[in-house]
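Small disclaimer: the values here were computed from a predicted structure and weren't measured. Residues take their numbers from the sequence shown, with the count starting at 1.
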Amino acid sequence: MAALFVAEDVRRRLQEDPGLQTLSLAGARLGAAGAEAVARELRHAPSLQTLHLRHNDIGDAGAEALARELRHAPSLQRLGLGHNDIGAAGGEALARELRHAPSLQSLDLRYNDMGDAGVEALARELRHAPRLQSLDLSFNSIGPAGAEALARELRHAPSLQTLHLSFNVLRRAGAEAVARELRHAPSLQALNLGDNDIGAAGAEGLARELRHAPSLQSLDLSGNDIGPAAAEGLARELRHAPSLQSLDLSFNGIGAAGAEAVARELRHASRLQTLNLSDTKIGAAGAEALARELRHAPSLQALNLGNNYIGDAGAEAVARELRHAPSLQSLDLSENDIGPAGAEALARELRHAPSLQSLDLCHNDIGPAGG
């Protein structure tokens, strides 16, 4: 009954504001019937561009009914369906209908349970979606087989720019398959493979493929059990990636040796602007070695070294080197056991950094003297 009231409210809002562009019904407890009723109203909304329906338990039946109506929504660009208990059947039905949605650019399906069969069917249809630019399938129980099938289809998606596959179970085989297929994706700019148990061998294999991806600008490999040797091999390959601007290796235990090796390779990556090495156990020695190399990185604008226990000695060494980094605008040293002496050294050195605009020292113990 509550869901029907929501649909009636949507009808009223559209009558009052026919030009409505954004509607959020997150957590409205719509269920399958409510989702269908709401969609029936919205298919006639001429200006609706963004619809958020997260946390509504619409399930497979609701997903199919919703898509059947929304394929006719003329202006819908962004659809959020996360946390909706959508399985394989619902994913396939969604894609079958939404491939015809004339304006759809972004589809968020994170925190569902489509699994390998569901994402393969989804991708088989969505490869034909003419305007789809962003697809989020994080937290969907996707394994190696599903990842390979997904990538095999999506490499042909004409407009896909961003793909999120974090917190699945791709492992080495799935990650390498994704990279092998998507290196050919003509428009792919951002790929998130965080927390997929890729491991050392998988990371190196993936990098060997993605160094050839023509448009890839952002790669997230956080939380993937990548150690020092693999980090070095990965960086050696990715320094040649023609468009790479952002690399996230946070929550990997690369240590001091890995940090130095990564920096030694990436200082030559001419387009790299953002590097995240937070929570990588680099310590003071690793921070100093890394900074010594990255001071020469020509395009580096943002560096995150948070939660690495670099202490005062590491902070002073980082500042001494990075004051010479020509393009560095943002430096994150939060949660690093930095005291007053380290903060003073940072201030003394970084005041001369030519481009620095932001320095994050939160969750340290710099005290009044350091501040």
Side-chain angles (χ1 to χ4, degrees), residues 10 14 18-26 35 38-39 41-54 56 58 63-84 86 90-112 114 118-119 121-140 142 150-151 153-166 178 181-182 184-193 213-220 243 245-246:
V10 169
L14 286 172
L20 185 71
Q21 294 184 4
T22 300
L23 178 64
S24 178
L25 297 174
V38 165
E41 300 295 334
L42 293 176
R43 66 177 290 184
H44 303 294
S47 303
L48 187 70
Q49 297 178 9
T50 302
L51 177 61
H52 296 298
L53 294 176
R54 296 184 296 272
N56 271 294
I58 68 174
E64 182 174 5
L66 181 82
R68 195 165 53 239
E69 299 294 337
L70 290 181
R71 64 175 286 184
H72 302 288
S75 304
L76 187 67
Q77 297 177 12
R78 292 170 289 277
L79 178 59
L81 293 175
H83 291 272
N84 266 302
I86 300 171
E92 181 177 6
L94 261 175
R96 187 169 58 245
E97 299 293 339
L98 291 178
R99 63 177 281 190
H100 302 290
S103 303
L104 189 67
Q105 297 178 13
S106 175
L107 180 58
D108 182 351
L109 290 169
R110 59 188 148 174
Y111 288 98
N112 284 293
M114 287 188 286
V119 297
L122 182 96
R124 195 163 52 239
E125 299 292 338
L126 288 182
R127 63 176 282 186
H128 302 290
R131 296 179 182 270
L132 188 69
Q133 297 177 10
S134 176
L135 178 61
D136 193 338
L137 292 170
S138 306
F139 294 92
N140 262 288
I142 304 170
L150 175 82
E153 298 293 339
L154 290 181
R155 64 178 281 188
H156 303 289
S159 302
L160 188 68
Q161 297 177 9
T162 301
L163 179 61
H164 293 279
L165 294 175
S166 59
V178 164
E181 296 293 337
L182 293 183
H184 304 288
S187 304
L188 188 69
Q189 297 177 11
L191 178 61
N192 186 341
L193 297 177
S215 304
L216 188 68
Q217 298 176 14
S218 175
L219 178 61
D220 186 338
S243 303
Q245 298 176 15
S246 176

Does the side chain of R78 pick up a donor-acceptor pair with the side chain of S106 at under 3.5 Å?
->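 Note: R78 and S106 side chains miss the donor-acceptor criterion.
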Consider only side-chain N and O atoms of S134 and T162, and report whether a donor and an acceptor are under 3.5 Å apart.
-> no
Side-chain heavy-atom pair [X], [Y] within 4.5 angstrom cut-off:
| X | Y | result |
| --- | --- | --- |
| D136 | N192 | no |
| L42 | L76 | no |
| L107 | L94 | no |

Could you give the distance from [atom1] ([X]) to [atom2] ([Y]), rounded to the nearest 0.5 Å?
| X | Y | atom1 | atom2 | result |
| --- | --- | --- | --- | --- |
| E69 | E97 | CD | CD | 9.5 Å |
| R110 | N140 | CZ | CG | 11.0 Å |
| S138 | N112 | OG | CG | 11.0 Å |
| L163 | L137 | CG | CG | 6.5 Å |
| D220 | L191 | CG | CG | 8.5 Å |
| Q189 | L160 | CD | CG | 10.0 Å |

What pair of heavy atoms forms the shortest contact from [X] to [Y], and how long is it?
| X | Y | answer |
| --- | --- | --- |
| A151 | V178 | CB-CA, 3.8 Å |
| P130 | S159 | O-OG, 2.7 Å |
| A26 | N56 | CA-ND2, 4.1 Å |
| R127 | R124 | CG-O, 3.3 Å |

Side chain to side chain contact (heavy atoms under 4.5 Å, CB included) between L81 and I86: does it pass, once the steps are laid out?
-> CA-CA 9 Å; L81 293 175; I86 300 171; 4.3 Å; yes
Can any side-chain N or O of [X] pair as donor or acceptor with the backbone N or O of [Y] at less than 3.5 Å?
| X | Y | answer |
| --- | --- | --- |
| S243 | Q217 | no |
| N84 | A63 | no |
| R131 | P102 | yes |

